[in-house]
Colleague: 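Sharing a structure here in structure tokens format.
Every chain is numbered from 1, with letters handed out A, B, ... down the list of sequences.
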Protein chains: 2
Amino acid sequence: MTDRLSVIFAALADPTRRAILARLAEGDATVSELAEPFSISLPAVSRHLKVLEQAGLITRSRSAQWRSSSLQAEPLREATAWMERYRRFWDDNFTRLDAHLRHIQEQEKQQ
Amino acid sequence: MTDRLSVIFAALADPTRRAILARLAEGDATVSELAEPFSISLPAVSRHLKVLEQAGLITRSRSAQWRSSSLQAEPLREATAWMERYRRFWDDNFTRLDAHLRHIQEQEKQQ
DNA sequence: CCTATGTTTAACCTATCCGTTAATTAACGA
DNA sequence: TCGTTAATTAACGGATAGGTTAAACATAGG
């Protein structure tokens, strides 16, 4: 699970972390500010932030004793780019063609 | 981790599973066919398929003793839709506006 | 009916994830 | 300098992930 895409998807697989990203979309925030809406301890949030940072989804800066987190959406672009490869499988414009190709494939499998 | 989006992202966080999806994009395949490129056991692949199925990323059909897997990209559409909310943070068209908004936000934080 | 083939389930192991509380580090400020 | 605030690190525990091998299940077919 060492590849970049896996790290990104794994980071996004936790609802708390996605909520943190949603909050950061409204502006930078400190660890305490990010922890406030959740019923989990500060160390737990601190770890989530480390996971997000390692995935490149946030950057952090220090100002006095506060550590501010800032959203970095570039990894989301990468993840989206990967998914785009499958767009034809859900996009209406391609559904008909895709069904046709699958039919062809099934026929070939018979032989 | 019971919510749908978490299950989808978790399913995508494994490189073997993503490779399986890539293979299925070229057409349906049996478990043995899917296992062939990997140096892992058949039971391991069988489990990966169960994970993908629970995420809604594949459907499966039985024909004799073969179980064929079929790609279902709808969950990818959902995941992409979630990420789209952050597009303005990476899209060039929005970068300038976004920088402006952040600047405003910083100013407000001062007071 | 018996056997071969394809796949899943069971039982197990190890590593990682996610949470906790307690201790530590860091910096401000009276 | 001492206490307060902000955050991280350490140490631990339970649950889950992902792999294994061995056993069980399902079906085609002689």
Side-chain angles (χ1 to χ4, degrees), chain A residues 1-21 23-24 27-70 109-111, chain B residues 1-21 23-24 27-70 75 109-110:
Chain A
M1 217 273 275
T2 182
D3 66 293
R4 179 159 176 75
L5 221 36
S6 295
V7 171
I8 294 168
F9 281 128
L12 296 176
D14 184 281
T16 301
R17 287 195 289 266
R18 289 200 309 279
I20 287 174
L21 293 180
R23 164 66 186 80
L24 290 176
D28 296 357
T30 65
V31 179
S32 303
E33 284 169 347
L34 291 173
E36 194 271 325
F38 304 106
S39 57
I40 59 176
S41 66
L42 219 56
V45 173
S46 186
R47 277 199 224 216
H48 281 309
L49 292 176
K50 183 177 281 185
V51 172
L52 290 171
E53 187 175 26
Q54 283 170 349
L57 285 160
I58 64 170
T59 54
R60 317 181 72 183
S61 61
R62 172 184 291 173
S63 168
Q65 68 266 54
W66 293 277
R67 284 173 167 269
S68 182
S69 293
S70 182
K109 208 169 229 172
Q110 298 296 331
Q111 300 149 13
Chain B
M1 215 273 276
T2 178
D3 65 293
R4 180 159 174 74
L5 221 36
S6 295
V7 171
I8 294 168
F9 281 129
L12 296 176
D14 185 281
T16 302
R17 286 195 289 264
R18 289 201 307 281
I20 288 174
L21 292 180
R23 167 62 187 81
L24 289 177
D28 297 356
T30 66
V31 178
S32 303
E33 285 170 346
L34 291 172
E36 193 272 324
F38 304 106
S39 58
I40 58 177
S41 65
L42 222 54
V45 173
S46 186
R47 278 227 252 264
H48 281 307
L49 292 176
K50 183 177 283 185
V51 172
L52 290 171
E53 187 175 28
Q54 283 169 349
L57 284 160
I58 64 170
T59 53
R60 318 182 71 184
S61 60
R62 173 184 293 172
S63 168
Q65 68 266 56
W66 294 276
R67 284 175 164 269
S68 183
S69 293
S70 182
K109 210 169 227 170
Q110 298 297 332

Colleague: When you measure from the side-chain N and O atoms of B/R17 to the phosphate of D/dG18, is any distance below 4.0 Å, counting only OP1 and OP2?
Modeller: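 For D/dG18, OP1 or OP2 has a side-chain N or O of B/R17 closer than 4.0 Å.
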
Colleague: Please give, in whole Å, the distance from C/dT8 P to B/L34 CG?
Modeller: 10 Å

Colleague: Using atom types as modelled and distance alone, determine if a side-chain donor or acceptor of B/R23 lies under 3.5 Å from a backbone N or O of B/A35.
Modeller: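 No.
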
Colleague: With respect to the phosphate group of C/dT9, does any side-chain polar atom (N or O) of B/K50 fall under 4.0 Å of OP1 or OP2?
Modeller: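 The answer is yes; a side-chain N or O of B/K50 sits under 4.0 Å from OP1 or OP2.
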
Colleague: Within this structure, what is the CD1-to-C1' distance between B/I58 and C/dT7, rounded to whole angstrom?
Modeller: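 In whole Å, C/dT7 C1' lies 13 Å from B/I58 CD1.
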
Colleague: Test your reading of the model: is there a side-chain donor-acceptor pair from A/T30 to the backbone of A/E33, 3.5 Å cut-off?
Modeller: yes

Colleague: What nitrogen or oxygen pairs link the protein and nucleotides 19-21 of chain C at under 3.5 Å?
Modeller:
residue	atom	partner	partner atom	Å
C/dG19	OP2	A/H48	NE2	2.4
C/dT20	OP1	A/S41	N	3.4
C/dT20	OP2	A/S41	N	2.9
C/dT20	OP2	A/S41	OG	2.5
C/dT20	O4	A/R47	NH2	3.2

Colleague: Expressed in angstrom and rounded to an integer, what is the separation of A/E53 atom CD from D/dT9 atom P?
Modeller: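 Going from A/E53 (CD) to D/dT9 (P), I get 10 Å.
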
Colleague: Roughly how many Å is it from CG in B/L49 to P in C/dT8, rounded to a whole number?
Modeller: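 To the nearest whole Å, that distance equals 7 Å.
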
Colleague: Give every donor-acceptor pair under 3.5 Å between a side-chain atom in residues 50-61 of chain A and any protein atom, sequence neighbours left out.
Modeller:
residue	atom	partner	partner atom	Å
A/T59	OG1	A/Q72	NE2	3.3

Colleague: Work out which heavy atom in A/F38 is nearest to a heavy atom in A/T16; give both atom names and the distance.
Modeller: CZ-O, 4.0 Å

Colleague: Just wondering, do B/S6 and A/R18 contact through their side chains at under 4.5 Å, heavy atoms?
Modeller: yes

Colleague: Name the pairs: protein N/O against N/O of nucleotides 25-30 of chain D, kept only if under 3.5 Å.
Modeller:
residue	atom	partner	partner atom	Å
D/dT27	OP1	B/R62	NH1	3.1

Colleague: To the nearest Å, give me how far apart CD1 (A/I20) and C1' (D/dA7) are.
Modeller: 14 Å

Colleague: Mind checking whether A/H48 and A/L34 have side chains closer than 4.5 Å, heavy atoms only?
Modeller: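 No; the side chains remain at least 4.5 Å from each other.
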
Colleague: So how far is it from A/L21 CG to A/D14 CG, rounded to the nearest 0.5 Å?
Modeller: 10.0 Å

Colleague: Where do A/F9 and B/A13 come nearest, in terms of heavy atoms and distance?
Modeller: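 Taking every non-hydrogen atom into account, CB-CA, 3.7 Å.
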
